[in-house]
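Below: one structure, written as structure tokens.
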Amino acid sequence: MVTLQVRDVAVVYGERPSAGTRAVDGVSFDVPTGEVVALLGPSGCGKSSLLRAVAGLEPLAAGAVLWDGADLAGVPVHRRAFGLMFQDGQLFAHRDVAGNVAYGLRGVPRAARAGRVAELLDLVGLAGYGSRPVATLSGGERQRVALARALAPEPRVLLLDEPLSALDRALRERLAVDLRSVLVATGTPAVFVTHDQDEAFAVADRVGVMHAGRLLRLAPPDELWRAP
Ligand code: ADP
Ligand code: ADP
């Protein structure tokens, strides 16, 4: 089975690693094909740093990130074929919805792009939105576009850093459920970082609890707080 493996990863900030902030400390977990893992913990516990390290945006002070058994050390961000999504979807303001999604399809033959854009918009619940300027969209709609754009190149794994945190609570719950449906429908494995337990439980097959740079436990939502 193709798997993302995170092995004893540490991330340390500062000039001298020995004296720096140990933001992530010896974290290990796997994400098998089609599984969604949430990393849950308070602000500052190292979730973002860990996700950035997996993406290749942050150097590892220790440990390794492997895809399908191959160590990704030295493999640059764009060659990892991982999808990324952040709290602010960072849409291209000068392009319409279809143009934003099509950005993720640069490798696809031109003739096939319009059809793929329509499929992706349908998938995220935005059928018919293609020609809307992104400035006219709600926050939730913008994150749906960001999700469609991130999925367009069919990433090996999707890394999501608090993608719903800027939205209203009611909207967040609905979007968390929809997001899970999209990941399951496309079979995209994902790592979803959040400080919100309801969100983590709605999205993930397994939830990892982080505290002070460490992963304390990792279990399905209904087993997470059960005594070991
Ligand atoms: P979370 O995503 O859980 O809020 P972060 O990974 O952002 O946590 O931060 C973990 C720790 O690392 C915090 O103490 C934070 O201040 C520190 N940190 C994060 N980014 C940097 C950075 N670029 N330089 C120095 N310290 C950082
Ligand atoms: P960049 O030069 O930044 O890579 P482009 O402007 O070339 O971005 O756009 C990326 C791809 O998306 C291009 O191949 C372009 O043809 C396609 N594209 C842009 N806007 C649309 C749109 N509205 N509908 C379909 N394809 C689009």
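First listed ligand is number 1; within each ligand, the first listed atom is number 1. What you see is a predicted model; the values in this text were computed from it and never measured.
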Under a 4.0 angstrom heavy-atom cut-off, which atoms of ligand 1 come close to [X]?
X	value
S43	4 (O)
P42	3 (O)
C45	1 (P), 3 (O), 8 (O)
K47	1 (P), 2 (O), 3 (O), 4 (O), 6 (O), 8 (O)

Give the residue, atom name and distance (to 0.1 Å) of the protein heavy atom nearest [atom].
atom	value
atom 8 (O) of ligand 1	G46 N, 3.1 Å
atom 19 (C) of ligand 1	Y13 CE1, 3.4 Å
atom 1 (P) of ligand 1	G44 N, 3.4 Å
atom 12 (O) of ligand 1	A23 CB, 3.3 Å

* **For atom 2 (O) of ligand 1, the option (of A53, S48, S49, G213) bearing the nearest heavy atom** =>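 When every heavy atom of A53, S48, S49, G213 is considered, S48 comes closest to atom 2 (O) of ligand 1.
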* Asked: Any chance the side chains of D30 and T3 put a donor and an acceptor closer than 3.5 Å?
  -> no
* Side-chain donor-acceptor pair present, D8, S28, cut-off under 3.5 Å -> yes
* Option from R180, R172, R174 for which salt bridge (charged side-chain N to carboxylate O under 4.0 Å, His left out) with E199 holds -> R172
* Distance below 4.0 Å between atom 15 (C) of ligand 1 and any protein heavy atom? ->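 No, there is none.
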* Asked: Looking only at atom types and distance, does a side-chain atom of R80 sit under 3.5 Å from a main-chain N or O of V75, one as donor and one as acceptor?
  -> yes
* Student check: side-chain heavy atoms of R7 and L66 closer than 4.5 Å ->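 R7 reaches L66 side chain to side chain.
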* May I ask you to check if R144 and Y129 form a cation-pi contact, with NZ or CZ under 6.0 angstrom from the six-membered ring centre and within 45° of the axis? =>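 R144 over Y129 ring: no.
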* To do: Any chance you could measure L158, atom CG, to L160, atom CG, to the nearest 0.5 Å?
  => 4.0 Å
